[in-house]
Protein chains: 2
Amino acid sequence: MNIYSFICPVKPRDQHKTAQIFAATLLLVRENGLSGITMSEIAKAAKIATGTLYIYFENKETLINELFTECRKSSVAIYFEGYHAEMPFKEGFRIVWNNLLQFRIDHFEKAVFMDQCYHSPFITETTKELTKKMIHPLFKLVETGKAIKALKELDNLMLLTYMVGGINEYVKRSKYSAKKITKQDAMHLFNLCWDGIKA
Amino acid sequence: MNIYSFICPVKPRDQHKTAQIFAATLLLVRENGLSGITMSEIAKAAKIATGTLYIYFENKETLINELFTECRKSSVAIYFEGYHAEMPFKEGFRIVWNNLLQFRIDHFEKAVFMDQCYHSPFITETTKELTKKMIHPLFKLVETGKAIKALKELDNLMLLTYMVGGINEYVKRSKYSAKKITKQDAMHLFNLCWDGIKA
DNA sequence: CAAATAAATGAATAAATATTCATTTAAAAA
DNA sequence: TTTTTAAATGAATATTTATTCATTTATTTG
């Protein structure tokens, strides 16, 4: 009997290899779409045998759900880097907004993957609920903004989707036209957003 | 020899049945994602035999490419309904904006399908180029807006993606939370957009 | 070091899915 | 009505892809 049986219900895994598998999957999804990936291709791209994949993940569904959760987690972790509640609201908002943009630029493949997962049959209800909770801090941010009259008194969802939607779409189209997004572009884009949502 | 051999290179098809197939595909993609559809399921949902599907479409790739093109065409056709170049700019812009929103509400399944296709391995370069040209009128619209100093002097892509991205994301999230979008919501959302992009 | 245990392999199998085609049914022409 | 042609069918086949497992390789323990 393994000592982990009591301490940890999950079998310990080589973190490096897990990361390799995740990276390979993201790469392939960006290149071929969620409907274009196969387990053997993932294994090949991760430089492991197909069988090894099944040591790390029970099946394809599990792999995709775990990767989705990991992507959400890592994205939210970045969103609030450098943010402090005591900052003037606009300054804090700009930091979060910039982090949102930067995440999508730096980890485009994660953004693409999460996008694709939205309508996929792979993501389970459990994963959906779990990852929904993770973005709660964003809702809190816009709520604060409304409370101090910095933002328009509108539905949270509306403010957030307008903020996020514009970034998403711009980064997506820019990547496809091989356009590099400059600091100045980012500033202009922020102003578009801010002028729209400020009270 | 069939008279169409010279007049039209494409075999004439029962329009009604083609529409049935398209509708079935859109329904299934909305429900199960692009990676979750099979040819036999499409046939079943369209109430025809699998073999019949292959009379209408050479293969799965062709079916999806033709449907994508059809979705783009029908969307752009709607965008400029009621718009006239002689209108005051903001009025015309509002009409197009509203049509964009309304299309995504009324034909959500088409929006989902097109979204999914973006990163899919099915859509060929030819289709991408073809459909890219179709959205040219939207670029012209924002260009006009800039020319008369109604819109900020920013990159076309930036203005357009910010306009479209917000709508996309809002409709998407609303549908998933089973939220009905009211006329008032639409007005608020328009103001978010307009306040952001106006000069 | 040898023995025992764990991890990795990838060819083989099972399951799912695209595509075909011999046959049937419907429509048009004679 | 009979003959000819076109359209539709869906079971059968081919292909692709998920998953398994007997075997090999690496690691840990005594």
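Chain naming here is simple, since letters A, B, ... match the order of the sequence lines and numbering starts at 1 in each. Just so you know, these numbers use all the heavy atoms, side chains as well, and skip hydrogens, waters and symmetry mates.
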With His188(A), which residues qualify under ring pair (Phe, Tyr, Trp, His ring centres under 6.0 Å), at least two apart? none

Quick one: label Lys17(A) by what it contacts on the DNA or RNA (base, sugar-phosphate, nothing), any heavy atom closer than 4.0 Å. sugar-phosphate

Distance only, no hydrogens: is a donor on one side chain within 3.5 Å (strictly under) of an acceptor on the other, for Asp106(A) and Gln102(A)? yes

salt_bridge(Lys152(B), Asp195(A)) N-O dist < 4.0 Å: yes

How bent is the helix from dC1(C)-dG30(D) to dA30(C)-dT1(D), measuring the angle between the end axes built from five pairs each, rounded to 10°? 10°

Within residues 24-40 of chain A, find the residues that approach DNA chain D with a heavy atom at under 4.0 Å, and present them sorted by residue number. Ile37(A), Thr38(A), Met39(A)

Could you give the CD-to-P distance, from Glu61(B) to dT16(D), as a whole number of Å? 14 Å

Between protein and nucleic acid, restricted to nucleotides 10-15 of chain C and to nitrogen or oxygen atoms under 3.5 Å apart, what atom pairs and distances do you find?
unit_1, atom_1, unit_2, atom_2, d
dG10(C), N7, Gly51(A), N, 3.2

Sorted by chain and number, sequence neighbours left out, salt bridge (charged side-chain N to carboxylate O under 4.0 Å, His left out) with Glu125(B) holds for Lys128(B)

Table please: side-chain donor-acceptor pairs of residues 75-92 of chain A below 3.5 Å, with sequence neighbours left out.
unit_1, atom_1, unit_2, atom_2, d
Ser75(A), OG, Cys71(A), O, 3.3
Ser75(A), OG, Arg72(A), O, 2.7
Tyr79(A), OH, Arg104(A), NH1, 3.3

Would you indicate, yes or no, if dA8(D) has its OP1 or OP2 atom less than 4.0 angstrom from a side-chain nitrogen or oxygen of Tyr56(B)? yes

Got a salt bridge between Glu129(A) and Lys133(A), using NZ or NE/NH1/NH2 to carboxylate O under 4.0 Å? no

